[in-house]
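Read the structure below first, then the notes.
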Amino acid sequence: MKELTDKQKAKIDELLEKMTLEEKIGQMNQISPSIVGGFDVSFEELIEMMTDGRISKEEFEHMMEGATQDFHDDVNRAGGLGSVLVSDPKVINKLQKIAVEETRLGIPLIIGFDVIHGFRTVFPIALAEAGTFEPELFEKTGRIAAKESRASGIAWHFAPMIDISRDARWGRISEGPGEDPYLASVFAKARVRGLQNDDENPENYVAACLKHYVAYGACESGRDYNTTGMAKSMLHNIYLSPFKAAVSEGAATVMAAFNDLNGVPCTVNSYTLRNILKESYGFDGFVVSDANAIRECIVHGIAEDEKDAAIKAVSAGMDMDMGTWIYHNELKEAVESGKLDISYIDEAVHRILSIKMRLGLFEKPYVTDEQMHRYDQLPEEHLSQALEVAEKSIVLLKNDDVLPLKKTAKISLTGALADMPEEVLGSWSLSGRASDCVTIYQGLKNKGADVSYYPCCGPEDSINEAEVKAAISEGDIIVAVVGELVSMSGEASSRADITLPGRQRELLKMLVDSGKPVVAVLMNGRPLALSWEDKHIPAILECWHLGIQMGNAVANVLFGDVNPSGKLTCTFPAMTGQCPMYYNSPRTGRPGSKSKFTSRYLDAPLEPLYPFGYGLSYTSFEYLDMDIKEKDDCLNVSVVLKNTGKRDGSEVVQLYMHDVSASIVRPVKELKGFSKEYLKAGEERKVTITLPKNQMGFYDDNAVYHLEDGKFIIYIGTNSKECLEQEIIINF
Ligand code: GLC
């Protein structure tokens, strides 16, 4: 997205001059279509009635047959809409035509949609993709998503989701890049570059939307939408970090989070929205609320009524209202009665018009028939990109010499998830098509494998004993695909028990008891508590929800055509009771140990099952000769990495640091750099990662950044637990 030209700036000022108060407020109103007809209550009420069982799912679906979508054309024609959440290109053109040709000023709509990890070409969920530790991939997949969705008329993605999450019970951990602020910042910047890029052709970029601002992932007890509270130092050192980074990369928009933060809902939080985002970070795009969040300020107990909520939101810096019509209904009177200064409205509208202008919407508001059908057949380039990122997202958690499989292996494939096409797509893949999805069963058949398939049991099923018996007798090796349905992670999907859902562990026990080797292939949207599995199953592949090429990617790794190189972007606890659990925690005055009076549980291990940054390979790597050279304002940390195995492979060399003594306690480790290295069998290479000294500091409780002289420990290694280390004294 290019910056505004002087001519464009003048056009915006001219428009603002001409706009009536109603037209200005119209730009601040984002709607989704209302579902109407076929029933005499509101659609929301109908959903409630189905949820609490007053009507059955079948009755609900029957009523939906008679329903239509109301896009409020009359309000649009009067200049009362600024944005619509919709994805059908024909509908988008129709809505744009009203906005551009039938309103007084012809201001185009900005069409937004949830494109979190791909539009038609659906890529791995972000929690998986971030585990490739390849920023170039984050950018490439973002750019493909931008091109495919812009061809449908969608110019705004409600992505990237960059909420730091340290609690595996929270379902939305699936949508973001995991627990680490440094990796999340790298991911956020690369994704913004991919989505917005600097192409001259508006068909190739969209506006990004950093969400959910801020600290939504810190929801108490991992329960979605729950309250959040923390010291400002933690807010700045952890949760704001990726947002600051992505704003510096030029992100066009930000979505405020549902949660209350230190007592003030993010929707009306002028500290985070105005003081930090718009003033301190210099953010010049616009802020949109999350769906219905302005109305929920009444429920939070921070607003008396809808007018109060509207005034508090606009004053705090909330530029656009998603889905409540409250700005549309309340702001005019609020301004005319003197309760709200018009300058807040003008600021919001200026921000919104600037992004619409930079998106080229004034010049090209419509999509052509050719564009609409451009991606009916996915280009080979997109498919191969989806395969590459899926392969690289797979994490080998355990392998007692079972993998890779021989090409001639006689495989019994089990698990309902192994052949459920939509289940490979992952959360928020609303625009993916089942017909594009390659299941694991299909992927094995595509490789010509000798495979027999027995569903046996899924995340919500009972066990089909006959199929289990057949699977055990047929194959020489059993591949068991187990995990979560897509509906068990993502929004409103917190789980209080993060073991394998349903009777899948029971299925695994039956398979292991057969005495035949079992490979567990995981399909999940969060870390799972896998202590039993880790103890009894000789090979475990973490395959997440990898998108449309999942089956081919898993098959390539199972047969060793691809050597797995993914690393975990989030800690896997041994037990749910350890949540929240993350690597970059303070040491405490009594670090957990065998002795009783230390920070530990009576009934759970001290350590996680698998730590942040963990992932094995079909080869092996050795780290030798760590060295630190201090040069001007950087530390050059080097190590000799050696591929000591028989296969070529990639390794993510990770650099961590610990500030041994500071004016506030510091985490035992903080990721500060990484380098992904491909080495042939037997090859060795000196790898150097540069750590700028100005990144060795921290924010205090007044949001002041400190670089404090003193002793640091620098780590370099294969994950957050296994590292070489050296002490160094730094005088900044
Ligand atoms: C949802 C989500 C948000 C999404 C928005 C629009 O409630 O919280 O991530 O972008 O509504 O669908």
Side-chain angles (χ1 to χ4, degrees), residues 29-35 43-44 47 51 69 82-88 92 109-119 125-127 142 145 149 152 154-165 170-177 188 191-192 195 206-219 222-226 228 239 242-243 246 251-261 265-267 285-297 299-300 318-326 426-432 486-487 489-494 525:
N29 183 26
Q30 188 209 55
I31 67 155
S32 294
S34 309
I35 312 293
F43 178 67
E44 289 70 19
I47 292 278
T51 309
Q69 290 187 320
S83 172
V84 180
L85 195 167
V86 63
S87 65
D88 179 330
I92 292 170
L109 300 166
I110 178 170
I111 302 297
F113 200 68
D114 289 287
V115 185
I116 315 300
H117 50 106
F119 186 62
I125 56 172
L127 191 64
S149 56
S152 287
I154 296 166
W156 182 24
H157 287 188
F158 303 134
M161 189 274 209
I162 51 177
D163 298 314
I164 299 293
S165 172
W170 192 47
R172 302 201 77 166
I173 192 172
S174 67
E175 301 173 42
R191 188 63 113 232
V192 166
L195 291 174
V206 297
C209 183
L210 308 178
K211 72 181 187 182
H212 304 80
Y213 186 75
V214 62
Y216 183 20
C219 49
R223 196 171 77 239
D224 205 1
Y225 314 118
N226 203 2
T228 64
Y239 295 94
F243 288 92
T253 71
V254 167
M255 182 185 292
F258 287 120
N259 52 288
D260 59 286
L261 171 64
C266 293
T267 303
F286 71 82
V287 179
V288 63
S289 73
D290 204 334
N292 200 44
I294 292 177
R295 176 165 291 111
E296 289 165 19
C297 290
V299 184
H300 272 290
M318 179 61 66
D319 302 308
M320 187 182 280
D321 164 16
M322 178 184 278
T324 73
W325 289 90
I326 288 177
S427 55
W428 287 108
S429 42
L430 312 170
S431 45
V486 167
S487 60
S489 63
E491 185 171 358
S493 306
S494 297

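Note that these values count all heavy atoms, side chains included, but never hydrogens, waters or copies made by symmetry. As the structure lists them, so they are numbered: ligands from 1, and atoms in each ligand from 1.
For Gln69, there are no side chain to side chain donor-acceptor pair (under 3.5 Å) partners at least two apart in sequence or on another chain.
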Present, as a list of atom pairs with distances to 0.1 Å, all nitrogen or oxygen contacts under 3.5 Å between ligand 1 and the protein.
unit_1	atom_1	unit_2	atom_2	d
ligand 1	7 (O)	Asp290	OD1	3.4
ligand 1	7 (O)	Glu491	OE1	3.1
ligand 1	7 (O)	Glu491	OE2	3.1
ligand 1	8 (O)	Arg172	NH1	2.8
ligand 1	8 (O)	Asp290	OD1	3.2
ligand 1	8 (O)	Asp290	OD2	2.7
ligand 1	9 (O)	Arg172	NH2	2.9
ligand 1	9 (O)	Lys211	NZ	2.8
ligand 1	9 (O)	His212	NE2	2.6
ligand 1	10 (O)	Asp114	OD1	2.5
ligand 1	10 (O)	Lys211	NZ	3.0
ligand 1	11 (O)	Asp290	OD1	3.1
ligand 1	12 (O)	Asp114	OD2	2.5

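Residues Ser427 and Ser174 have side chains that bring a donor and an acceptor to within less than 3.5 angstrom of each other. Between the side chains of Thr253 and Trp156, at least one donor-acceptor pair of N or O atoms lies under 3.5 Å.
For the side chain to side chain donor-acceptor pair (under 3.5 Å) with Tyr216, the lone residue among Asp224, Asn259, Asp163, Asp290 that qualifies is Asp224.
In this structure, Thr267 contributes its side chain and Ile294 its backbone to no donor-acceptor pair below 3.5 Å. Counting only distance, with no hydrogens or angles, the side chain of Arg191 and the backbone of Pro160 share no donor-acceptor pair below 3.5 Å.
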